[in-house]
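Convention: sequence-line order gives letters A, B, ...; per-chain numbering from 1. Remember, predicted model here, so these are calculated numbers, not experimental data.
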Amino acid sequence: MAAHTEDHGHHITPMSVYVKTLFALAFLMALTIAASYVDFGKIIGNSALGSVINNVIAMTIACLKAVLVIQFFMGVKYSSKLTKMWAWAGFVWFLLMGMTFGDYFTRHWEPAPGWYAEDTELPPRESEIRLRPTPKVHSEEGGH
Amino acid sequence: MSSIPVAPQINTDPPQPTRNYLNTEHTIKSWLLTGDHKRIAVLYLISISIFFFLGSLAAGFIRLELTSPRGVLLESETYNKMFSAHGIIMIFFFLIPAIPAVLGNFLIPIMIGARDLAFPRLNLLSWYLYLIGGVLFLIALMMGGVDAGWTFYTPLSSIYSTGQITIALVGLFITGFSSIATGINFIATIHKMRAPGMTWDRLPLFVWAHYATSIVIILGTPVVAITLLLVVFERVFKIGVFSPELGGDPVLFQHMFWFYSHPAVYIMILPGMGVISELFAAFSQKRVFGYHFVAFSSLAIAALGFIVWGHHMFVSSQSMYQGIVFSFLSFLVAIPSAVKVFNWAATLYKGHIKLKAPMFFALSFIGLFLIGGLTGLYFAAVATDVHLTGTYFVVAHFHYVMVGGAITAFLGGIHYWWPKMFGKMYPESWAKLSALLVFVGFNVTFLPQFVLGFLGMPRRYHYYYFQGGDMQFYNILSTAGSTVLAIGFLLPAFYLTWSLKYGKDAGPNPWGAVGLEWQKVGSPPTTYNFEEMPVVTWEAYDYQAVREGTLELNSTAHHHESYIGQPEKEEKV
Amino acid sequence: MAMVQDTHGGHGHGHGDEPLHHQFEDIHQQNETYVIGMWTFLVTEVMFFGALFLAYSLYRWKYQPDFYIAHKELSVFFGGLNTVVLLISSFFMAKAVYHAQRKEKRKQLNMLWLVQACAVAFLFIKVVFEWMPKWQHHLTPLNFIWDKPEGNAEHAQLFFSLYFGMTGLHGIHILAGIIVIGALQYLVWKDAPSVKGDYIPTEMIGLYWHFVDIVWIFLFPLYYLLPR
């Protein structure tokens, strides 16, 4: 039958795999909690970069845990190609994430140099004004 | 009822199916608790028709109001509620479910050779969710209406609006799950329930289009569902994700809203394109030119549709650098759309064209969709978008795509498959009249709106007295056209209902078409569609094989030559 | 409804004890279709939560210092405890599917009871030790008062808006899971024809449950383990 040609016998994952997965997950959880108490900012002397390192570690471990759950508890490792395709289709979400952040990352570039005839000075960057509601930097009718 | 349906006598003369999905049971319960995809399609057909009527009523009020530049009929707030009701009903309760939930529901299992959709109860649940959402929205309307437009932009919808936003949004949230249910059903069905021999290469383009649509539905709808839910939370629980007072960004709402609502345009138009492919093949008696290109252009449109949403936000505080990216990507959508249009045109070339009513609709689809699509490019370009966005130009543009595209295709499809759905022929000349009225009325309504928009008439305004007489002239022209359009839409409601009782019996294959739905099942089909599973041995739209005599049409067709007759034998030149 | 539940006994190819719905040719087709359907549903769930994660990431990126101060109000201990509870429940769920595949009804039911116990424990910890103290400390969006010397009050409220929105939605999913697992237990216990000899319903509910676990796997570091 064209509609379903894959091997039919359903796979029963051995219990030992589940036990190993559980222990791996518990270990990773302990690791991520431990890592969160390490301030990489202090260690390397750059708080911004340290924060990035902390974030990357936490998210990498979370992704690893998710992959373990997907592959073994949910049995994607032993399933058909079609199931695999749909299982990983959820990552389309990063598209939404990426393109939206593309907007927010580039907002403070505006206005482009030369946008205003008189002044070529750029308004403050978003990072500098982010603790207060953004005041309007250049009013529409202002002094042209 | 018994577990195996009694084999109906569909292939013998006279073609009188003794038992079909319509007459197998008559109780109301047998309809309301049915799992049969065909009955659910009929339930959907009735409910979307009611909502279409309500939405058109609101449109009528809008058009009447705009004949006067000073708004003599409705107050400003009532006018806001009127266009909001029109937009919300037409988009969420008519256009999105129209073709997938009616024609798709009815035809996909039959076209691929399955007894039903994969999850019949989920399918029924989808209809109930749709109904609950619709009723909630109607309750919101009766309790005072919604004045935020169909887009529900924050902070208007979350903080300032006094309308019944909360109830309406909960209704839309629930309706969203109805279309998710349909999408999941279609994907599982198309993947797993095709008959032997029905390879992906042999799938009708209608099915391809619905597959692409379903992907858009399941990826996009949850995002808008949660977005609308967040607005509800903001109103009820003060959870201020979009609230500028807390440092939240209202433009984030636009991002998340358009991430769904731009692809939603493709939820509406892609199934329409699927219908048109079927119509052109059947009424040109010819294989669709460039079958694979048309099939994959559906997927390409679905994929590209997800990365162009920012072109709705060129005038928001979205970064203009990201705007450039969105602009470029938006232009790309034109490529697969054009691939389709060119291939349809090439299908007509040297075809054995039969100008029946569905073909009238299909041909007007091409013209109207072309105008709608090309004016879309004005909004893909940042500079013209800034000038034209928020004017009647954009109103005209999306009506050309939505009404001229999706609804025309829906009407064409309904006429084409009406004999299959109910076993009766519609009256041909009335249908042609309706197609003509829709085409003429539509153009008279919306062509002037392009001019209006270019003159600077903003959308959602009903006061334009400060603009002199020109605008009133175009507005009155538009209203006059909408009257013709309304008659064009009303006619089918009457003659199609009439045909249920008085129409001529259609027979299984009145069009001499080669799809499984015409070749292997009766009109109307039986509950489980096929008594024995069909084995597909021919390509999609293999009219060449019919002419060469290697593929035999369902035998009863020649009893109904008055409809279309057999395709001519290939003339030796 | 009768015709939905009707089965075509004649179509099964040597799997007479497994329920086959009328629209399928054989039990393998039915099983694969159900699994695909479930995964498609899970993709919609990913997008559903994904939108919230997007909102969270955006504000976290914009207001990181304030979010850091606000997150100190959350308890790593109870968050971690709940992580352990959910991980173990996922393990029990996997075991339940394992026993369902081997048609060991008694063991399958026991495992489902353990899953239920974990789920209830999770909700109990969540509500009693996390949400209720937040209400007393005026940290929910409905009664928000920020009396700490540091940190921006509005951004802290945004943090707790997102916290309650996301953990609340996750909690609703747990609650839905409890109901669905309860229904499954009832059907298995009654030997209902729709689940008798068929492991697929358990497998599908298992997939859902693991997904809920995965969401928590991401929520935990994002809310409880914020770096400076």
Engaged part of V76(A) at the chain C interface, taking heavy atoms whose separation is under 4.5 Å: side chain
Given heavy-atom pairs under 4.5 angstrom as the criterion, report whether the side chain, backbone, both or neither of V84(C) touches chain A. both
Please state whether the side chain, the backbone, both or neither of A26(A) comes within less than 4.5 Å of a heavy atom of chain C. backbone
Side chain, backbone, both or neither: which part of M29(A) has a non-hydrogen atom closer than 4.5 Å to chain C? side chain
Given the options G41(A), A89(A), A30(A), A87(A), which has more heavy-atom pairs under 4.5 Å with chain C than any of the others? A87(A)
Pick one of side chain, backbone, both or neither for V97(C), based on which atoms fall under 4.5 Å of a heavy atom in chain A. neither
Option that, when pairs with chain C are counted at under 4.5 Å, heavy atom only, ranks first among L25(A), T21(A), I57(A): L25(A)
Geometric class of the F101(A)/F105(A) ring pair [parallel <30°, tilted 30-60°, perpendicular >60°]: tilted
Residue pair S80(A) / E32(C), side-chain donor-acceptor N/O under 3.5 Å: no
Under 4.5 Å between any side-chain heavy atoms of D66(C) and F159(C), yes or no? no
Under 4.5 Å heavy-atom distance to chain A, tell me which part of L58(C) shows up: side chain, backbone, both or neither. both
Contact leader toward chain A among G206(C), P221(C), S90(C), G80(C), where contacts are heavy-atom pairs under 4.5 Å: S90(C)
If one checks every heavy atom of I33(A) against chain C at 4.5 Å, the contacting part turns out to be both
I need the residue from F40(A), Y18(A), W86(A) with the largest number of non-hydrogen atom pairs under 4.5 Å to chain C. Y18(A)
Anything under 30° is parallel, anything over 60° is perpendicular, the rest tilted; go ahead and classify Y223(C) against Y56(C). tilted
Given heavy-atom pairs under 4.5 angstrom as the criterion, report whether the side chain, backbone, both or neither of F220(C) touches chain A. side chain
Between R102(C) and E104(C), does the salt bridge (charged side-chain N to carboxylate O under 4.0 Å, His left out) criterion hold? Intermediate values first, please. CA-CA 6 Å; R102(C) 295 163 62 104; E104(C) 297 165 336; 3.5 Å; yes
Let me know if L87(C) has heavy atoms under 4.5 Å from chain A in its side chain, its backbone, both or neither. both
Side-chain heavy atoms of M59(A) within contact of L222(C), under 4.5 Å: yes
Which of A58(A), P14(A), A66(A) touches chain C most, by non-hydrogen pairs under 4.5 Å: A66(A)
Which residues pass the ring-ring contact (aromatic ring centres under 6.0 Å, His included) test with F23(A), sequence neighbours left out? none
Heavy-atom distances under 4.5 Å only: say whether F73(A) touches chain C with side chain, backbone, both or neither. both
Between side-chain atoms of residues 92-100 of chain A and protein atoms elsewhere (two or more places apart, or another chain), which donor-acceptor pairs fall under 3.5 Å?
{"unit_1": "W93(A)", "atom_1": "NE1", "unit_2": "G50(C)", "atom_2": "O", "d": "2.7"}
{"unit_1": "T100(A)", "atom_1": "OG1", "unit_2": "L96(A)", "atom_2": "O", "d": "2.6"}

What residue in E203(C), R60(C), M38(C) has the most heavy-atom pairs under 4.5 Å with chain A? R60(C)
Quick one: what part of L54(C) sits under 4.5 Å from any heavy atom of chain A, side chain, backbone, both or neither? both
Parallel, tilted or perpendicular for F78(C) and F129(C), by the 30°/60° rule? parallel
Polar contact flag, side-chain donor to acceptor under 3.5 angstrom, Q116(C)-Q185(C): yes
Under a 4.5 Å heavy-atom cut-off, does chain A meet the side chain of T33(C), its backbone, both or neither? neither
Student check: side-chain heavy atoms of V180(C) and Y208(C) closer than 4.5 Å: no
